[in-house]
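Accompanying notes for the structure given below.
In what follows, chains carry the letters A, B, and so on, assigned in the order in which the sequence lines appear, proteins first and then strands, with residues in each chain numbered from 1. Just so you know, these numbers come straight off a predicted model, no measurement behind them.
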2 protein chains.
Amino acid sequence: MARLVVIGGGAAGMSAASAARRVAPALDVVVCEAGGFAAYGMCGIPYFLGGTVPEAEGLLAYPPSEFRDRRGIDLRLHTRVTAIDTCARQVHIAGPGGDGPLGYDAAVVASGAAPVRPPAPGLDGSRVFTIRSLDEAIELRRLLEGGTIRHAVVVGAGYIGLEAAEALVCAGAEVEVIEALPRVLGNVDEPVAELARAEMERHTRLRLGARLGGVREGGGWGALTVMVDGAEIGTDLVVVATGVRPATDLLIRAGAEHLPDRSVLVDASMRTSLPGVFAAGDCVALQHRVLGRPAWIPLGPAANKTGRVAGTVAAGGAAAFAGIVGTAVVKVFDLEVARTGLTLAEARAAGLAAAATDVVSRSRARYYPGAQPLHVRLVHTAEGRLLGGQLAGREGAAKRIDVLATALHAGLTVTDLAALDLSYAPPFAPVYDPVLAAAIKACGLVASPEPAAAGGAGWPAVTLGG
Amino acid sequence: MARLVVIGGGAAGMSAASAARRVAPALDVVVCEAGGFAAYGMCGIPYFLGGTVPEAEGLLAYPPSEFRDRRGIDLRLHTRVTAIDTCARQVHIAGPGGDGPLGYDAAVVASGAAPVRPPAPGLDGSRVFTIRSLDEAIELRRLLEGGTIRHAVVVGAGYIGLEAAEALVCAGAEVEVIEALPRVLGNVDEPVAELARAEMERHTRLRLGARLGGVREGGGWGALTVMVDGAEIGTDLVVVATGVRPATDLLIRAGAEHLPDRSVLVDASMRTSLPGVFAAGDCVALQHRVLGRPAWIPLGPAANKTGRVAGTVAAGGAAAFAGIVGTAVVKVFDLEVARTGLTLAEARAAGLAAAATDVVSRSRARYYPGAQPLHVRLVHTAEGRLLGGQLAGREGAAKRIDVLATALHAGLTVTDLAALDLSYAPPFAPVYDPVLAAAIKACGLVASPEPAAAGGAGWPAVTLGG
């Protein structure tokens, strides 16, 4: 019987295994997962830590029995893959799921991404956490529930750091966030990041431009002492959220082509350069439709979709992934911060002559109670090509970004954007939706706003009759 | 000095006047408004009635002085236009703003829409209201504040009827809604309308398939008696919300071409068939990008946009309106109901071989507290052409419709839709956004789902190299 081996039981791996099973009911599908859980919502970990999600089991999309008994997937937990031998078409595994070689006809590598720890001493202690796995999160949650954690330090103010900080505040800790850069949220431009910074400062102590010197056990007023720029902070625990890197050692050792950041290159069917080896999820670079080249942006939706494509094709079916536009959203306490496409900084780094248009509109009609300011930034060329957008506000930002994501997917211009027929009722938007308001302003900045273009392509020559 | 006369001081008229002033600072801009208010948010009237918006002035985008003193617009309130003479290029006006002819070089007719009253006796009484003008709404609000209104009857269960019913409940009345059709919200398909019906029944008494016999003063337990299908309902006031018709008598008497529903035809510059006469707002038929022909769908956003286009072009500038896709949203108590494009019924009425795909997903990740069911309906052809969509739920429906509105504007297929890179974080959506879930299901129903098509157009031939 032909065998598919899936390496990694996260969203991508379990999507691949499930898709393969659907396509090829007779295929032997083996999933090797190094940790103790499969198919859980990694993005939910901060909400489990903070107690918003009461039980770890709540994060499991399905229990292991669903895969083993109902889907006929041979899910092997605590089982590591130590090598891929593409000549012999076998992987080497170790753990309770088996030790030694395991042959495959096709393999899907969904090994994800691994946390990066800064080069400072003491980050391997027992009260220093990353929150990249549910196993580790359960341990941290147990510590938080012990009632001894009064103070916590989060290292890193990217979106995971901010979510971790919020979780720790929800769990009752006083939180201090340390960030080496002079700002938070490096994946949005500064005017938008500034709103997130202000929101963080309402709930935590924020030290920007601060270098972590190291962590040592014991000290004045906590279990640990964190050294920052010569100062010492007594704390009860440390969460390191200084980013992740592709967990692609296996693939690269086997010879897979990859980007300089070590994310692995795949085609639209998720085939790597290795024969019979597919890859999906947070370990791969994906075609970025705005950049026009592969980019590594590890996020949940693409992990699910690329897993499904990889499993389908690996099992003999047909599927293709259409690429990403770089959409992401994060809740920062009571603020929603969303982005898609390229930021102004990213566009300029890519060599594009980009400009940004900002408006501050409202989430509801001016006269409707509860309207919140909504900041919209559009990034575009002088000719009006839409390159990206960002939104921030206390309501209406998170999913409004999807209009811009859809516009980017379709290649719309800011003139097209200004012409969209977006929904309106006083409780939900101003009559000119904030996205339209930004687009109208951007249209005023683009070169040669031709009236014909302003009308879009949809209206044929005038027919005044019947 | 050249003169522009604008007929109607609503959203379209005041947008036209303001745009004309910007384009041609020397132009004499006269606005004749039959009522006592200009530039108010008509869509906000239900929220003023219910007390959500405390003061009528809150609905005014600007006070009259803004137009008269700051924008140099000659705004004449309580001034009716009784005729347009296109040969003499003059309108005839009556009221405090002048009596007799007023010459123009260009005219913009923004006369809006007028309520239709069913052919039943007694609907002209003093306690029978339509809520199409702020003047009338102020009178009704005064009555509601008098503390004597314990019971109200709303005739009509379209979106205005539902908003009026909610407003009257907010104002403290017990409300009964009478609708001749066997269902509410004729502008969405039945599975979605059914959710609105259930929500209405939580808060009001709803009589569907009920014919209004008439209204008479006095009776058993209220100021009025409403006759419905032989029964009698005692009530304190009646709101008639049985639809509107284009207020185009002036234009049609002057010879303007129009649709059978009496909405006036215009080109993309908002020119009517009459020389020098433009029209904008709720009185015009607009190019419907999905139908490919003009359609009359009177709503606020297009009124603002078409007013701006008409005023710009009438004053010598260049602008064009890109058309509509039929997007609308309504709050029904705690439910959001949104639609865009064509419903299944509308698509079939237009002769399209359409199908509908329904999913019930959630507004947040499954494990995130507060997730609400979200009903998504996609309307599409067997080949996957997207024709429309509907959404209903307690959160996340109102603005999520804009993804579908954008997709319709861009001409995307359900396969394109399934490939969109929409935002995800557990508080805001499941990892497969409900729109994606519906599109993925619809893809399974379309003929010949080619894998290349599934990938979209954005990913060129595979290049596995650095």
Side-chain angles (χ1 to χ4, degrees), chain A residues 41 43-44 47 52-53 58-59 257 265 267-268 273 287 289 300-301 304 318-325 327-331 338 365 367-369 396 398-403 405-407 409-410 412 419-428 431 451-452 454-456 458-459 462 464-465, chain B residues 41 43-44 47 52-53 58-59 257 265 267-268 273 287 289 300-301 304 318-325 327 329-331 338 365 367-369 396 398-403 405-407 409-410 412 419-428 431-432 451-452 454-456 458-459 462 464-465:
Chain A
C43 306
Y47 305 102
T52 305
V53 176
L59 298 187
E257 293 194 40
L265 288 164
D267 67 10
S273 61
Q287 186 67 16
R289 294 172 69 101
N304 279 273
F321 182 68
I324 57 174
V325 297
T327 312
V329 62
V330 60
K331 174 176 175 298
Y367 51 77
Y368 198 93
K399 295 310 288 182
R400 214 175 229 107
I401 200 72
D402 289 346
V403 170
T406 306
H409 186 102
L412 300 189
L420 293 177
D421 186 7
L422 303 184
S423 70
Y424 166 62
F428 307 122
V431 70
W459 199 322
V462 181
L464 286 173
Chain B
C43 306
Y47 305 102
T52 305
V53 176
L59 298 186
E257 293 194 40
L265 287 162
D267 67 7
S273 62
Q287 185 67 17
R289 295 173 68 100
N304 279 272
F321 183 66
I324 57 174
V325 296
T327 312
V329 61
V330 60
K331 177 178 174 297
Y367 51 78
Y368 198 93
K399 294 311 287 182
R400 217 176 226 106
I401 200 72
D402 289 347
V403 169
T406 306
H409 186 102
L412 299 189
L420 292 177
D421 185 8
L422 302 183
S423 70
Y424 166 61
F428 306 122
V431 69
Y432 282 104
W459 199 322
V462 181
L464 286 173

### Message
Which atoms of A:Pro301 are under 4.5 Å from chain B, going by heavy atoms: the side chain, the backbone, both sets, or neither?
### Response
both
### Task
Heavy-atom distances under 4.5 Å only: say whether A:Val330 touches chain B with side chain, backbone, both or neither.
backbone
### Task
Ignoring hydrogens and angles, tell me if any N or O in the side chain of A:Asp402 forms a donor-acceptor pair with the backbone of B:Ser423 under 3.5 Å.
yes
### Query
Ignoring hydrogens and geometry, is there a side-chain-to-backbone donor-acceptor pair from B:Thr406 to A:Ala407 under 3.5 Å?
no
Side chain, backbone, both or neither of [X] within contact of chain A (heavy atoms, under 4.5 Å):
{"X": "B:Leu59", "result": "both"}
{"X": "B:Val325", "result": "both"}
{"X": "B:Ala398", "result": "both"}
{"X": "B:Tyr424", "result": "both"}

### Message
Going by the rule ring-ring contact (aromatic ring centres under 6.0 Å, His included), which residues pair with A:Tyr47 if we only count those two or more places apart in sequence or in a different chain?
### Response
B:Tyr368
### Message
If I compare all heavy atoms of A:Tyr367 with all of B:Cys43, which pair ends up nearest, and what's the gap?
### Response
OH-C, 3.9 Å
### Task
For A:Leu422 and B:Thr327, work out which heavy atoms get closest and say how close.
C-CG2, 3.9 Å
In Å and rounded to the nearest 0.5 Å, what is the [atom1] to [atom2] distance from [X] to [Y]?
{"X": "A:Asp421", "Y": "B:His409", "atom1": "CG", "atom2": "NE2", "answer": "9.5 Å"}
{"X": "B:Lys399", "Y": "A:Lys399", "atom1": "NZ", "atom2": "NZ", "answer": "14.0 Å"}
{"X": "A:Ile401", "Y": "B:Phe428", "atom1": "CD1", "atom2": "CZ", "answer": "12.0 Å"}

### Query
Given the options B:Ala405, B:Pro369, B:Ala365, B:Ala410, which has more heavy-atom pairs under 4.5 Å with chain A than any of the others?
B:Pro369
